[in-house]
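Beneath this line is the structure, given in C-alpha coordinates, with notes to follow.
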Amino acid sequence: MSDEKPTRRDILRPLHLLGIALACGVFAMIVTLVSTGAFTSRVNTAIANGTYDGLTPVVLGLVVGGGAFIATLLILAMLILAVDPADVTKTVDRPVLYDPEPEGDAGTSASGDAGSGRTD
(Lines give C-alpha, C1' and ligand atoms only; values in the text may rest on other atoms or scores of the structure.)
Protein backbone atom coordinates (compact mmCIF):
# COMPACT_ATOMS: atom_id res chain seq x y z
CA MET A 1 0.00 0.00 0.00
CA SER A 2 1.14 3.56 -0.53
CA ASP A 3 2.00 5.84 2.34
CA GLU A 4 -0.11 8.65 0.88
CA LYS A 5 -3.35 8.91 2.83
CA PRO A 6 -6.41 10.51 1.19
CA THR A 7 -8.16 13.47 2.75
CA ARG A 8 -11.91 13.50 3.30
CA ARG A 9 -12.21 15.96 0.43
CA ASP A 10 -10.66 13.33 -1.86
CA ILE A 11 -13.06 10.67 -0.61
CA LEU A 12 -16.27 12.74 -0.71
CA ARG A 13 -16.13 14.26 -4.20
CA PRO A 14 -19.57 15.23 -5.53
CA LEU A 15 -19.09 13.42 -8.83
CA HIS A 16 -18.38 10.18 -6.96
CA LEU A 17 -21.54 10.62 -4.91
CA LEU A 18 -23.59 11.24 -8.06
CA GLY A 19 -22.08 8.09 -9.56
CA ILE A 20 -23.06 6.05 -6.51
CA ALA A 21 -26.62 7.42 -6.65
CA LEU A 22 -26.81 6.75 -10.40
CA ALA A 23 -25.63 3.17 -9.91
CA CYS A 24 -28.31 2.62 -7.25
CA GLY A 25 -30.98 4.06 -9.54
CA VAL A 26 -29.92 1.90 -12.50
CA PHE A 27 -29.85 -1.18 -10.27
CA ALA A 28 -33.38 -0.47 -9.00
CA MET A 29 -34.58 0.09 -12.57
CA ILE A 30 -33.09 -3.20 -13.80
CA VAL A 31 -34.60 -5.12 -10.88
CA THR A 32 -37.99 -3.54 -11.64
CA LEU A 33 -37.75 -4.36 -15.35
CA VAL A 34 -36.83 -7.99 -14.66
CA SER A 35 -39.48 -8.46 -11.98
CA THR A 36 -42.30 -6.98 -14.10
CA GLY A 37 -41.45 -9.17 -17.08
CA ALA A 38 -40.43 -6.38 -19.44
CA PHE A 39 -38.31 -8.80 -21.49
CA THR A 40 -41.00 -11.47 -21.98
CA SER A 41 -42.90 -11.87 -25.23
CA ARG A 42 -46.28 -12.04 -23.45
CA VAL A 43 -45.88 -8.56 -21.94
CA ASN A 44 -44.39 -7.09 -25.13
CA THR A 45 -47.26 -8.55 -27.22
CA ALA A 46 -49.86 -7.09 -24.83
CA ILE A 47 -48.19 -3.68 -25.03
CA ALA A 48 -48.03 -3.83 -28.85
CA ASN A 49 -51.73 -4.83 -29.09
CA GLY A 50 -52.78 -2.08 -26.67
CA THR A 51 -54.32 -4.52 -24.18
CA TYR A 52 -51.79 -3.89 -21.39
CA ASP A 53 -53.45 -2.07 -18.46
CA GLY A 54 -51.53 0.34 -16.27
CA LEU A 55 -47.98 1.59 -16.52
CA THR A 56 -45.76 -0.25 -18.94
CA PRO A 57 -42.76 -1.97 -17.33
CA VAL A 58 -40.34 0.50 -18.94
CA VAL A 59 -42.16 3.53 -17.50
CA LEU A 60 -42.48 1.83 -14.12
CA GLY A 61 -38.75 1.01 -14.20
CA LEU A 62 -37.92 4.65 -14.96
CA VAL A 63 -40.11 5.86 -12.10
CA VAL A 64 -38.59 3.40 -9.61
CA GLY A 65 -35.05 4.09 -10.84
CA GLY A 66 -35.56 7.85 -10.60
CA GLY A 67 -36.98 7.52 -7.12
CA ALA A 68 -34.05 5.37 -6.00
CA PHE A 69 -31.60 7.88 -7.51
CA ILE A 70 -33.20 10.80 -5.68
CA ALA A 71 -33.50 8.90 -2.38
CA THR A 72 -29.86 7.75 -2.53
CA LEU A 73 -28.66 11.26 -3.39
CA LEU A 74 -30.67 12.71 -0.50
CA ILE A 75 -29.33 10.14 1.97
CA LEU A 76 -25.73 10.69 0.88
CA ALA A 77 -26.15 14.47 1.13
CA MET A 78 -27.51 14.14 4.66
CA LEU A 79 -24.61 11.90 5.63
CA ILE A 80 -22.13 14.46 4.28
CA LEU A 81 -23.66 17.07 6.57
CA ALA A 82 -22.50 14.95 9.51
CA VAL A 83 -18.83 15.55 8.60
CA ASP A 84 -17.15 18.34 10.55
CA PRO A 85 -15.81 20.96 8.11
CA ALA A 86 -12.55 21.13 10.06
CA ASP A 87 -11.99 17.43 9.36
CA VAL A 88 -12.25 17.85 5.57
CA THR A 89 -8.55 18.61 5.10
CA LYS A 90 -7.27 16.05 7.64
CA THR A 91 -5.95 12.75 6.35
CA VAL A 92 -7.89 9.58 6.97
CA ASP A 93 -5.61 6.98 8.52
CA ARG A 94 -8.11 4.84 10.43
CA PRO A 95 -11.79 3.86 10.15
CA VAL A 96 -14.11 6.81 10.63
CA LEU A 97 -16.60 5.27 13.06
CA TYR A 98 -14.06 3.85 15.53
CA ASP A 99 -13.85 5.39 18.98
CA PRO A 100 -11.03 7.89 19.42
CA GLU A 101 -7.76 6.35 20.55
CA PRO A 102 -6.89 7.07 24.18
CA GLU A 103 -4.07 9.57 24.48
CA GLY A 104 -1.01 8.58 26.48
CA ASP A 105 -1.61 4.89 27.29
CA ALA A 106 0.00 3.39 24.19
CA GLY A 107 0.91 0.13 25.93
CA THR A 108 -2.61 -1.02 26.82
CA SER A 109 -4.51 -3.47 24.70
CA ALA A 110 -7.80 -2.82 22.91
CA SER A 111 -9.89 -4.15 25.81
CA GLY A 112 -8.35 -1.76 28.31
CA ASP A 113 -8.19 -4.23 31.21
CA ALA A 114 -5.77 -6.77 29.77
CA GLY A 115 -2.46 -6.72 31.53
CA SER A 116 -3.58 -4.44 34.36
CA GLY A 117 -2.94 -7.10 36.96
CA ARG A 118 -6.44 -6.97 38.46
CA THR A 119 -7.86 -10.10 40.03
CA ASP A 120 -11.57 -10.26 40.66
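We count residues from 1, following the sequence as given.
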Please determine whether residues V34 and L62 belong to a single hydrophobic cluster, defined as Ile, Leu, Val, Met, Phe, Trp and Tyr linked transitively by side-chain heavy-atom distances below 4.5 Å. yes
Closest non-hydrogen atom pair, L33 against G61: CD2-CA, 4.5 Å
Looking at A28 and A68, what are the two nearest heavy atoms and their distance? CB-CB, 3.6 Å
Take M29 and V64 through the side-chain contact (heavy atoms from CB on, under 4.5 Å) test and state the conclusion after the steps. CA-CA 6 Å; M29 184 178 76; V64 170; over 6 Å; no
Any chance you could measure I20, atom CD1, to H16, atom NE2, to the nearest 0.5 Å? 8.5 Å
By side chain to side chain contact (heavy atoms under 4.5 Å, CB included), D99 pairs with (sequence neighbours left out) none
Residues in side chain to side chain contact (heavy atoms under 4.5 Å, CB included) with L74, at least two apart? none
Are V26 and F39 joined in one hydrophobic group, where the rule is that I, L, V, M, F, W and Y side chains link up if heavy atoms are under 4.5 Å apart? yes
Test of understanding: with side chain to side chain contact (heavy atoms under 4.5 Å, CB included), list the residues that count as partners of T36, not counting sequence neighbours. T32, A38, P57, L60
Of all residues at least two apart in sequence or in a different chain, which pass the side chain to side chain contact (heavy atoms under 4.5 Å, CB included) check with L18? F69, L73
Between CG on residue N44 and CG on residue N49, distance to nearest 0.5 Å: 11.0 Å
May I ask you to list the residues sharing a hydrophobic cluster with I47, side-chain cutoff 4.5 Å, ordered by chain and number? V43, Y52
Distance from L81 atom CG to L76 atom CG, nearest 0.5 Å? 11.5 Å
